[in-house]
Novice: 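Pasting a structure below so you can have a look.
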Protein chains: 2
Amino acid sequence: MPGELVKDSVIIKDQTEASQIYNKGYYGYPMSGGGLEMDLLEAVYLVECGRLEVRSGDEVISMERMVASASAAHRDFEIKYIVYRDLRGRGYLVKPAGEEFDFRVFPRGGNPNSAQTKSWVSAISERSVFAIAPFMEVMDRSERTRKELLIAIVDEEGDITFYHADRSEPKGTALREWTGPPVRAALLEDRVMVFDEVGAQRLYDHGFYGKKLGKALQLSLIEAAHLMENGRLEVYTIISGRGVKLDRFKKRALKFQQDFDLRLKAYDDLRSRGLVVKTGFKYGSHFRVYEDDPERSHARWLVHAVPADYETTWPEISRAVRLAHGVKKEILFARVTDDRTEYMRLSRVRP
Amino acid sequence: MPGELVKDSVIIKDQTEASQIYNKGYYGYPMSGGGLEMDLLEAVYLVECGRLEVRSGDEVISMERMVASASAAHRDFEIKYIVYRDLRGRGYLVKPAGEEFDFRVFPRGGNPNSAQTKSWVSAISERSVFAIAPFMEVMDRSERTRKELLIAIVDEEGDITFYHADRSEPKGTALREWTGPPVRAALLEDRVMVFDEVGAQRLYDHGFYGKKLGKALQLSLIEAAHLMENGRLEVYTIISGRGVKLDRFKKRALKFQQDFDLRLKAYDDLRSRGLVVKTGFKYGSHFRVYEDDPERSHARWLVHAVPADYETTWPEISRAVRLAHGVKKEILFARVTDDRTEYMRLSRVRP
């Protein structure tokens with residue numbers, strides 16, 4: 001099947017041949033005057049499959065020269081190509097798309113004439129930056145148009161990992177009404193202890209706060225700050241016995257944990273959703289989150305609190321998702337903005 | 001059993017009672033003139049267990065006041081105490097130690113009169129900094145004296161994770177002698193392609209370099225740099241066809257990967273040990289490492305390349321270890337110094 005390289009496109013002039021290529025896989029774009037025009041991406045794939053020969057004048061163009069032209073014309077050509085050929089190779093109908101994402105993928109057996117786009121796919125290098133704000137914008141746009149958003153990350157060896165991204169609204173059933181006076185607790189170096197057994201039990205009963213240490217109850221700094229905000233706890237220093245106000249308590253906590261404010265905001269929001277929130281240290285994340293009593297069920301989520309303008313590398317994101325999957329939990333990124341906390345869920349998928 | 005609080009110690013004067021406490025658990029230090037002196041740490045534990053009552057004059061001292069005194073006297077008292085009571089609670093004989101580490105632990109059933117110390121234990125907060133240089137010094141000292149080094153990390157809720165740390169000398173069997181001219185390869189955006197099928201096969205046969213993409217072979221930047229260093233590869237740019245020297249190639253790679261030099265040094269060292277090294281992206285680490293043909297066995301190690309003065313937080317370390325364990329691999333930290341690369345192995349253990 002002969003095509004001709006014209007600038008950044010390959011043109012098939014012969015109408016019979018053009019129809020054959022288009023009808024079996026919907027490659028290229030039918031031209032108004034007959035014939036078919038196609039992207040270098042599609043053309044390279046057809047050359048690799050042996051379905052197309054590309055010429056420039058009389059000369060047959062090698063795969064290598066095709067790749068050279070495509071690389072000159074498109075930034076990150078090889079990244080896009082690796083993902084395109086993977087999806088095509090699995091029998092999906094894939095069409096190059098616009099700016100926001102790279103490919104539209106049709107449902108299995110579907111084509112541009114019979115079906116709506118099922119997924120938007122972004123093909124990106126593992127070396128790319130992940131920036132949560134623009135990422136969530138694309139995510140929202142895909143949700144509004146009912147497409148699933150898939151991110152195909154290509155590693156340095158050309159292996160692809162696919163992620164599905166969407167919003168999540170986690171909810172739990174552990175909201176408990178609090179009556180009576182606040183419980184008194186002693187501030188130690190980087191944690192808080194309740195020595196009063198009755199108070200310790202009340203805190204535990206009202207939302208599973210803290211952890212028993214003998215007869216005493218240990219609270220983390222974040223639990224203590226949350227309970228102080230809600231009038232359930234009064235803290236004094238263990239050595240001098242002086243009361244510690246919330247402001248000073250938070251300042252102290254900031255010394256131990258630079259992102260204490262950020263984490264506290266996410267913690268408060270998760271608690272307001274009736275969830276029980278515990279440290280995620282063992283899982284390498286900020287929080288593990290339960291729908292109710294942590295002694296009676298496993299944590300369903302791992303939650304990572306991030307600022308509104310969070311940026312990181314994809315290997316970092318990959319790590320977080322893999323950790324959560326390894327322990328059969330969902331990973332949520334809690335994006336803390338000035339007025340609310342929103343949750344992005346990322347999961348590894350095989351399309 | 002009555003003891004008296006004297007400054008930072010508790011003294012039991014009565015000889016019968018002193019002997020009883022010392023002989024059942026080896027708490028405290030027998031005094032030359034008779035009686036027993038003990039650390040607040042040991043005393044708080046005995047008070048918690050109901051085996052000791054501490055007085056100051058006629059007044060009985062509460063658990064809370066004991067903790068207050070201990071917190072005033074010892075930085076991070078609660079961290080040390082949480083680990084001490086955990087080990088004692090499991091039946092280990094534990095004695096407070098010196099500066100470099102916190103506790104000496106005897107083998108099960110052993111005591112200071114009958115056995116050598118089995119482990120050194122450092123009890124530290126998850127908020128502590130992990131600094132590889134001093135850490136490896138302590139590790140080497142423990143190896144020289146044939147003690148195992150255990151790190152007990154206490155999270156913000158008081159849960160403990162134990163890590164065992166030692167050196168590792170990974171070895172593989174994939175060293176292959178290379179003869180003949182270098183293979184030619186084309187530099188694309190952030191990878192290198194070998195279009196020459198014979199060359200591609202030679203590279204793959206001599207150490208399993210690269211990954212097939214159709215008939216071509218993709219090499220990562222790090223594989224390509226390593227092969228160039230060893231005279232096995234010549235690289236030209238795909239667009240202009242001009243040769244690229246190693247120096248310029250490395251400079252270009254640095255733009256994509258800030259720590260390219262560091263990773264390349266670790267890569268070179270691993271290769272020189274006969275190992276096959278592939279990207280660890282999917283596992284959230286730098287490399288996955290095989291003893292031989294990656295198609296015939298699983299990767300045994302995940303390796304993270306770090307500079308000689310590497311510092312990070314313990315949650316970061318925890319994450320790396322958990323990731324490796326989740327996929328049944330060992331995690332090695334490859335510490336790259338000016339003249340060599342050395343390997344630290346960390347594993348999670350239950351003492």
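Convention: sequence-line order gives letters A, B, ...; per-chain numbering from 1. All heavy atoms count here, side chains included; hydrogens, waters and symmetry mates do not. Remember, it's a predicted structure, so these values are computed and weren't measured experimentally.
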Novice: Answer yes or no: is there a side-chain heavy-atom contact under 4.5 Å between R319(A) and E316(B)?
Specialist: yes
Novice: Can you tell which of G214(B), G280(B), S69(B), G210(B) has the highest number of heavy-atom pairs within less than 4.5 Å of chain A?
Specialist: G214(B)
Novice: So which part of V67(A) gets closer than 4.5 Å to some heavy atom of chain B, the side chain, the backbone, both or neither?
Specialist: both
Novice: Counting heavy-atom pairs under 4.5 Å to chain A, which of R127(B), M63(B), K215(B) comes out on top?
Specialist: R127(B)
Novice: If you tally heavy-atom pairs under 4.5 Å against chain B, which of I238(A), I79(A), D76(A) wins?
Specialist: I238(A)
Novice: Determine yes or no for a side-chain-to-main-chain donor-acceptor pair under 3.5 angstrom, with E157(A) supplying the side chain and L219(B) the backbone.
Specialist: no
Novice: At a heavy-atom separation under 4.5 Å, does T279(A) approach chain B through its side chain, its backbone, both, or neither?
Specialist: both
Novice: Whether the side chain of E78(A) engages the backbone of E189(B) through a donor-acceptor N/O pair (distance < 3.5 Å, no angle test) should be reported.
Specialist: yes
Novice: For E64(B), give me all partners under side chain to side chain donor-acceptor pair (under 3.5 Å), at least two apart in sequence or on another chain.
Specialist: Y236(A)
Novice: Under a 4.5 Å heavy-atom cut-off, does chain B meet the side chain of L217(A), its backbone, both or neither?
Specialist: neither
Novice: For the residue pair R191(B) and D155(A), what are the closest heavy atoms and their distance?
Specialist: NH1-O, 3.1 Å
Novice: If you count heavy-atom pairs under 4.5 Å between each of S125(A), G158(A), G326(A) and chain B, which one has the most?
Specialist: G158(A)
Novice: Counting only non-hydrogen atoms closer than 4.5 Å, does S71(A) touch chain B with its backbone (N, CA, C, O), its side chain (CB onward), both, or neither?
Specialist: both
Novice: Report yes or no: does R322(B) contribute a side-chain atom to a donor-acceptor pair with the main-chain N or O of K282(A) at less than 3.5 Å?
Specialist: yes
Novice: Got a sec, which residues hit side chain to side chain donor-acceptor pair (under 3.5 Å) with S240(B), two or more places apart in sequence or on another chain?
Specialist: T237(B)
Novice: Please identify, among I239(B), I317(B), L221(B), T313(B), the residue contributing the most non-hydrogen atom pairs under 4.5 Å to chain A.
Specialist: I239(B)
Novice: Let's test your reading of the structure: which of K278(B), R65(B), E48(B), R75(B) forms the most heavy-atom pairs below 4.5 Å with chain A?
Specialist: K278(B)
Novice: What part of L187(B) lies closer than 4.5 angstrom to a heavy atom of chain A: side chain, backbone, both or neither?
Specialist: neither
Novice: Measure the spacing between CG of L323(B) and CG of L323(A) and express it to the nearest 0.5 Å.
Specialist: 3.5 Å
Novice: Looking only at heavy atoms and a cut-off of under 4.5 Å, which of R85(B), H325(B), E223(B) has the most pairs with chain A?
Specialist: R85(B)
Novice: Give the minimum heavy-atom separation between S318(B) and F281(A), together with the two atoms involved.
Specialist: OG-O, 3.3 Å
Novice: Report the option among F256(B), W314(B), F195(B) that has the most heavy-atom pairs separated by less than 4.5 Å from atoms of chain A.
Specialist: F195(B)
Novice: Is any side-chain heavy atom of K211(A) closer than 4.5 Å to a side-chain heavy atom of E156(B)?
Specialist: no
